[in-house]
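Worksheet: one structure, shown below.
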Amino acid sequence: MNYWLVKSEPDEYGFSDLQAEGTGRWDGVRNYAARNHLRSMREGDLVLFYHSRKGLEVAGICKVVREAYPDPTAEKGDWSAVDLRAVRPLVQPVSLKAIKANPKLQEMPLVRIGRLSVMPVAEAEFREILKMGETEI
DNA sequence: GCCAACGTTGGC
DNA sequence: GCCAACGTTGGC
């Protein structure tokens with residue numbers, strides 16, 4: 001089991017949109033590092049859903065229900081999409097500010113590499129964020 | 001809205 | 001193959 005974090009602007013597609021949809025396609029990634037992370041996702045992996053630009057917080061948990069397949073929105077190039085299903089929102093959303101203030105979370109790419117939109121999360125980091133979010137899985 | 005950080009593109 | 005210019009992301 002691996003853990004991940006994906007970013008989305010809630011104005012475009014927020015966690016509540018994924019909840020409403022049930023299963024959503026995670027497509028449109030056009031960054032090689034992010035794409036390679038998408039391809040490393042395995043069915044059943046848990047994914048933190050982060051709201052970028054607006055909100056700036058981890059809003060919910062979802063899981064991988066379909067592993068990487070060709071991104072239908074890519075007109076050219078070798079890009080991938082996965083399908084995610086909402087599991088549950090965090091009882092208490094965890095803000096970027098709180099993550100930056102937590103010494104246990106300083107190594108996260110979320111803190112270190114601002115622009116990466118799909119990134120791995122260590123199990124201990126995942127558990128820490130759930131704890132901060134007062135949520136059990 | 002601004003701008004820093006980073007990735008990509010393209011001229012040489 | 002280098003690197004300057006440009007575009008995009010995303011925090012502030």
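Below, read A as the first sequence line, B as the second, and so on, with proteins coming before strands; counting in each chain starts at 1. Source: prediction; values computed, not measured.
Using a 4.0 Å heavy-atom distance criterion, A:K100 is classed as a sugar-phosphate-only contact.
Listed by chain and residue number, A:R42 satisfy the salt bridge (charged side-chain N to carboxylate O under 4.0 Å, His left out) test with A:E67 (two or more places apart in sequence, or in another chain).
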Intermediate values then yes/no, ring pair (Phe, Tyr, Trp, His ring centres under 6.0 Å), A:W79 and A:Y69: CA-CA 8 Å; A:W79 301 108; A:Y69 55 95; over 10 Å; no
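A donor-acceptor distance shorter than 3.5 angstrom exists from the side chain of A:R88 to the backbone of A:E136, with no hydrogens or angles considered.
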If you look only at distance, which donor and acceptor atoms sit under 3.5 Å apart when one is on a side chain in residues 46-54 of chain A and the other is two or more places apart or in another chain?
unit_1 : atom_1 : unit_2 : atom_2 : d
A:H51  : NE2    : A:F15  : N      : 2.9
A:K54  : NZ     : A:D11  : OD2    : 2.6

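Other residues, nucleotides and ligands place more than 12 heavy atoms under 6.0 Å from the NZ atom of A:K7.
For DNA chain B, the outermost nucleotides in 5' to 3' order that have an atom under 4.0 Å from a heavy atom of chain A are B:dC2 to B:dT8.
Of the two residues near DNA chain B, A:R53 and A:A33, the one whose nearest nucleotide lies more 5' is A:R53.
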